[in-house]
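Since the structure comes first, as structure tokens, the remarks are kept for the end.
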There are 2 protein chains.
Amino acid sequence: MNLQQSFYAQAPRHLVAVDCIIFGFEDSRLKLLIMQRMVDPFQGSFSLVGGFVLESESTADAATRVLQQVSGLRNIFMDQLHCYSDVNRDSGSRVISLAYYALIRVEEHDRKLAIQHGTQWLALDEIPELIFDHRKMIEDALFRLRDKAHFHPIGFELLPEKFTLSQLRSLYEEIYQRVLDKRNFRKKILAMNILEKLEEKDKTTSKKGAHLYRFDKQKYEQLAQKGFVFEI
Amino acid sequence: MNLQQSFYAQAPRHLVAVDCIIFGFEDSRLKLLIMQRMVDPFQGSFSLVGGFVLESESTADAATRVLQQVSGLRNIFMDQLHCYSDVNRDSGSRVISLAYYALIRVEEHDRKLAIQHGTQWLALDEIPELIFDHRKMIEDALFRLRDKAHFHPIGFELLPEKFTLSQLRSLYEEIYQRVLDKRNFRKKILAMNILEKLEEKDKTTSKKGAHLYRFDKQKYEQLAQKGFVFEI
DNA sequence: GCAAAAGTGTTCCAGATACACCCATGG
DNA sequence: CCATGGGTGTATCTGGAACACTTTTGC
């Protein structure tokens, strides 16, 4: 027990933080929740939202906590991205940071909390200079999002519960940054049999109105268990 | 500066470790370098090789250092896997661990160092119970290896510089755990034009002898830059 | 001469891609 | 009545999968 104590006791201890790359989809644009710090340190500078990992929580717990504080939302899709640990990455102190990316339905986001925390949704081309290595984190998160979205039905996490196929397609066009053929896209996604077609129509973007659909998660999970692989 | 100091000063500090999932390929089997601890704490129990992250190094630095200590090798292929941070994952103390997976050429591995560190190469089905969450780390690493190998030419990191197409195929059969058609495999890999066919033959496994090949990394990188995507 | 691994082509099928016109309706 | 986005089908191409026999040579 002495040995064991010294084994741990002699090791250095580190500040460990989480930083969250929070994606949203609004006005057919992929956006990120960016914070402008209203207090020191680094007052006025732009950054991702983040926080330190406490003694009593895992890094995922910490990220969940930070996400909830800043968005008011629970049960957010979230995935570990990468650990950033360059000794000098944080100019204030040596901090090891775990980046998580999250997908949020912008319309469910609490606007009051946004003002309170000094956060705003910015499209990818509107993002100003960020502190530390946060820009790199975003780039890595974009790659990961593309990768993940390719074979997993995570796009739905960014859309309202009910959405049109045009919305869905424009979401994937934003993610992949390329145009997708309308007919082929419909054919492919409908053939998967994981969307529930609703009676309702959305008439906000056309006179004719577009059918609304809902992602049927249960059906997807059933199919996935039988070996079905989502791909778009 | 006061504010900034307190901002960091109030945050808790953590022990941060790296654990390495080290893959090798020997006798047509995928193997892992497993350590049996010869000293306390946890004497006699099996684990991955690992160590604490020091103040002056990144987590990647730490993993590189540990790999070098245990294998004698530099310039090893290595990639961050995941951060494991459950509060109680380490029964000795709260330790946040970053897992890295690495690919090694077993025949270049220093056997003396292996004995010295109490490590051995074990096939996947020979691995005993491991401490903490190391088993889970291995499972995750296997998934990642399959994923990565699918679109990146990392298999060559596990083979000798010169190898036969049969060796290469049996490597991928091990990684994917399924048989690959001999003709289709040859067709596909040779069509990529990233292998250099040597005059030499390897006669250790057949009377006829099999041609040796070498991975042409430069050619691959040229092609990759032009948009070519390795896939096997 | 035979065992044992190396080496070699063709056919078939499924899924991806390319592509252009009619529909419904609010203004 | 017309502008606007919604909705639909077919032909072609490409890449993956299946599949069996000949070659070489050490023993």
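Computation of the quantities below employed the complete heavy-atom set of this structure, encompassing side-chain atoms and omitting hydrogens, waters and symmetry-equivalent molecules. Letters A, B, ... mirror the listed sequences (proteins, then strands); counts begin at 1.
Checked options B:Glu26, B:Glu174, B:Glu126; the residue passing with B:Lys31 is B:Glu26 (criterion: side chain to side chain donor-acceptor pair (under 3.5 Å)).
By the side-chain hydrogen bond (donor to acceptor under 3.5 Å, both in side chains) test, A:Arg214 pairs with A:Glu161, A:Glu196, sequence neighbours left out. The side-chain hydrogen bond (donor to acceptor under 3.5 Å, both in side chains) check on B:Asp110 picks up nothing, with sequence neighbours excluded. Here B:Phe46 pairs with nothing under the ring pair (Phe, Tyr, Trp, His ring centres under 6.0 Å) rule; sequence neighbours left out.
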For this session: If a protein heavy atom is under 4.0 Å from the base, mark B; if only from the sugar-phosphate, S; if neither, -; do that for nucleotides 1-7 of chain C going 5' to 3'.
Result: ----SBB
Problem set entry | nucleotides 9-18 of chain C: protein proximity per nucleotide (B base, S sugar-phosphate only, - neither; heavy atom, under 4.0 Å) | BB-----SBB
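Taking a cutoff of 4.0 Å between a charged side-chain nitrogen and a carboxylate oxygen, B:Asp140 and B:Lys136 qualify as a salt bridge.
If you measure from atom CG of B:Asp202 to atom P of D:dG26, you get 14 Å, rounded to the nearest angstrom. Rounded to an integer number of Å, the gap from CD1 of A:Ile189 to C1' of D:dT8 is 17 Å.
Within a 6.0 Å radius of CD in A:Glu231, more than 12 heavy atoms belonging to other residues, nucleotides or ligands are found.
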List the atom pairs, donor and acceptor, that lie under 3.5 Å between side-chain atoms in residues 65-74 of chain B and the rest of the protein, sequence neighbours left out.
| residue | atom | partner | partner atom | Å |
| --- | --- | --- | --- | --- |
| B:Arg65 | NE | B:Glu57 | OE1 | 3.0 |
| B:Arg65 | NE | B:Glu57 | OE2 | 3.4 |
| B:Arg65 | NH2 | B:Phe52 | O | 2.9 |
| B:Arg65 | NH2 | B:Glu57 | OE2 | 2.6 |
| B:Gln68 | OE1 | B:Arg74 | NH2 | 3.4 |
| B:Ser71 | OG | B:Leu67 | O | 2.7 |
| B:Ser71 | OG | B:Leu73 | N | 2.9 |

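Using a 30° and 60° split on the angle between ring planes, A:Phe156 and A:Phe230 fall in the perpendicular class, above 60°.
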